[in-house]
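Computed from heavy atoms alone, side chains included, the values below leave out hydrogens, waters and symmetry copies. In each ligand, atom 1 is the first atom listed, and ligand 1 is the first ligand listed.
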Amino acid sequence: MCPQKQWSIEQHLVESTTSVLHEQIHQKHYTVPQHSPLPEINVCYAVDKPTQSFLKHPQTGSCQNVTSNTTCCSECVGLGPDRYNQLYAAYAWMTAATVIPGGYFVDRVGNRVSAIMSTCVAWLGTSLFALTVTGHIRGSSVMFPLMFCSRLLLGAGTGTALIVQDRILGTWFADNLSIVFSINVVALRLGNVSNFLLTANIANWIGFTWALWVGAALCSTAVLSAVFLSVLELYGKKNSDKKLTSIPDLSEEPVTLSRQIKNIRLLPKTYWLLCVTAVCYYSAYLPVISNGSKYIQDRYGYSKTTAAYYVGAVYDVSIIIPPFLGLLLKKFRCTGLLLSCSAILTAPVYLLLSYCSSIHPLVLTIYLGITYTTFAVCVWPCFAMLVQPDTFGTAAGIAIFMQSGGVGMTNLAVGKIMGTTESSDTIELLSKYRIVFWVLFTLSVLSAVFSVATNMADSRQNKLNSIFMKDPVPIEINDETSSLLPHPRTESRTVST
Ligand SMILES: NCCCC[C@H](NC(=O)[C@@H](N)CCCCN)C(=O)O
């Protein structure tokens with residue numbers, strides 16, 4: 001086992017008391033935000049952990065005579081934890097409910113229309129959210145129902161936008177999948193980190209309502225980007241030599257529901273194995289991100305702020321290493337193998353977090369950041385390598401739906417294990433955490449096993465590891481001979497006008 005620094009209860013109590021003191025000093029004004037995941041379109045945010053104190057806490061007038069354990073807030077809207085969490089749930093459930101129809105819609109109407117429509121829906125969501133805290137609507141009886149609707153819109157828009165984003169990357173950059181998908185991970189994580197660093201500060205600076213309008217304005221840039229991208233795609237298709245490119249938007253055959261059901265039935269075994277790999281991986285990883293800060297406080301005794309920074313290190317790593325991984329994969333063309341390595345190397349971290357308190361939590365979160373980022377950079381392009389573009393939307397929708405279900409169920413299980421009231425007894429609390437980590441470890445081992453099975457099922461065609469392909473397909477592009485090594489499926493793609 002690991003070198004044990006025995007966790008002593010006395011030490012825990014001393015360190016927790018210190019952290020409570022830090023907390024009280026720190027909470028005198030607005031709570032410093034935790035590192036938190038943004039909704040999927042990086043610039044579209046309306047409600048997230050950085051704004052939670054404004055949303056949850058009741059208004060406290062002019063903020064005079066504020067005691068150390070009260071949050072001073074003249075702008076708060078006082079939703080309370082229950083309604084605040086309902087807003088989170090509305091977003092998550094709506095995303096889960098709309099990804100499959102959204103993916104089908106993307107396959108049916110093509111990249112351009114779906115990019116513009118999905119970003120518009122998300123933008124409407126953020127604008128409606130900002131409106132609910134503006135003027136007479138703020139504090140009125142319609143405020144919360146409208147907030148709820150805005151979160152539904154945001155969930156529907158961002159889920160579909162994520163699919164169309166991957167479909168565009170997969171079709172336009174078929175011979176550079178690893179590079180573009182790694183840049184995509186950086187962009188997503190920059191969204192998380194800038195949200196963490198900026199949102200609460202902007203709210204403190206110009207006020208909560210205006211901060212939400214800034215959010216809506218930023219989200220409108222996603223709509224403008226979608227319009228620009230559509231023009232670019234139209235221009236690109238008109239000017240590309242159709243025989244030599246593999247960029248379908250709408251396939252020649254209309255995408256009807258019955259045809260798509262048939263296509264889904266024909267999806268390769270590797271696709272389904274990859275889905276299970278992703279479901280198990282994210283079901284173990286995401287609960288650690290959402291509960292990690294609390295765990296680090298309880299287990300190691302750090303303050304809320306320090307613990308949040310330590311968990312945030314996972315995302316910080318995700319900004320730095322993806323370009324290197326992208327270049328490595330472009331050179332070695334072994335995305336499937338790297339996926340398995342990252343899944344296998346992730347598993348021990350859950351037991352180390354649970355059993356080895358002598359290892360500094362920052363070391364473990366940085367380690368998790370490296371293995372998770374490698375997994376994220378590999379898994380999404382693998383879908384694009386396995387599925388034909390005219391089925392990609394629906395297939396990605398199914399994968400994200402399964403992922404949401406898996407993550408939702410693990411979160412429920414974690415909640416049940418931890419119980420409704422928090423144990424005041426540290427030993428009991430830590431033993432509950434230990435059960436949670438065993439569950440997460442099991443899921444992580446399953447994801448490693450399924451990733452190996454995915455590679456084995458792919459070993460005949462080597463779509464995921466084209467380095468092992470015997471005969472690369474040479475094709476001519478602009479009078480130069482170039483081989484589409486990493487992406488064998490591009491040969492068979494339909495080209496449409
Ligand atoms: N090109 C796709 C990148 C997806 C990144 C991936 N996101 C997801 O898996 C989402 N479906 C769910 C993430 C939930 C956290 N907000 C990721 O690794 O975050």
Under 3.5 Å between some N or O of ligand 1 and some N or O of Trp380? no
Just heavy atoms, cut-off under 4.0 Å: does Gln165 contact ligand 1 by side chain, backbone, both, or neither? neither
Ligand 1 versus Leu188: contacting region, heavy-atom distance under 4.0 Å: side chain
Do Arg333 and Asn465 meet the criterion of a side-chain donor-acceptor pair at a distance under 3.5 Å? no
Any luck finding a side-chain donor-acceptor pair between Asn195 and Thr199 under 3.5 Å? yes
Val185, Leu169, Asp166: member with heavy atom nearest to atom 2 (C) of ligand 1: Asp166
Closest by any non-hydrogen atom to atom 1 (N) of ligand 1: pick that one out of Asn184, Leu286, Val407. Asn184
With a distance cut-off below 6.0 Å to the six-membered ring centre and an angular limit of 45° from the axis, does Arg151 pair with Tyr88 as a cation-pi contact? yes
Does Arg167 make a cation-pi contact with Phe392, if we ask for NZ or CZ under 6.0 Å from the ring centre and within 45° of the axis? no
Near Tyr372, which atoms of ligand 1 are under 4.0 Å from a heavy atom of that residue? 17 (C), 18 (O), 19 (O)
Sub-4.0 Å atoms of ligand 1 with respect to non-hydrogen atoms of Arg189: 17 (C), 18 (O), 19 (O)
Do any N or O atoms from the side chain of Tyr367 and from the backbone of Leu345 form a donor-acceptor pair under 3.5 angstrom? yes
So does Met402 have more than 12 non-hydrogen atoms from other groups sitting under 6.0 Å from CE? yes
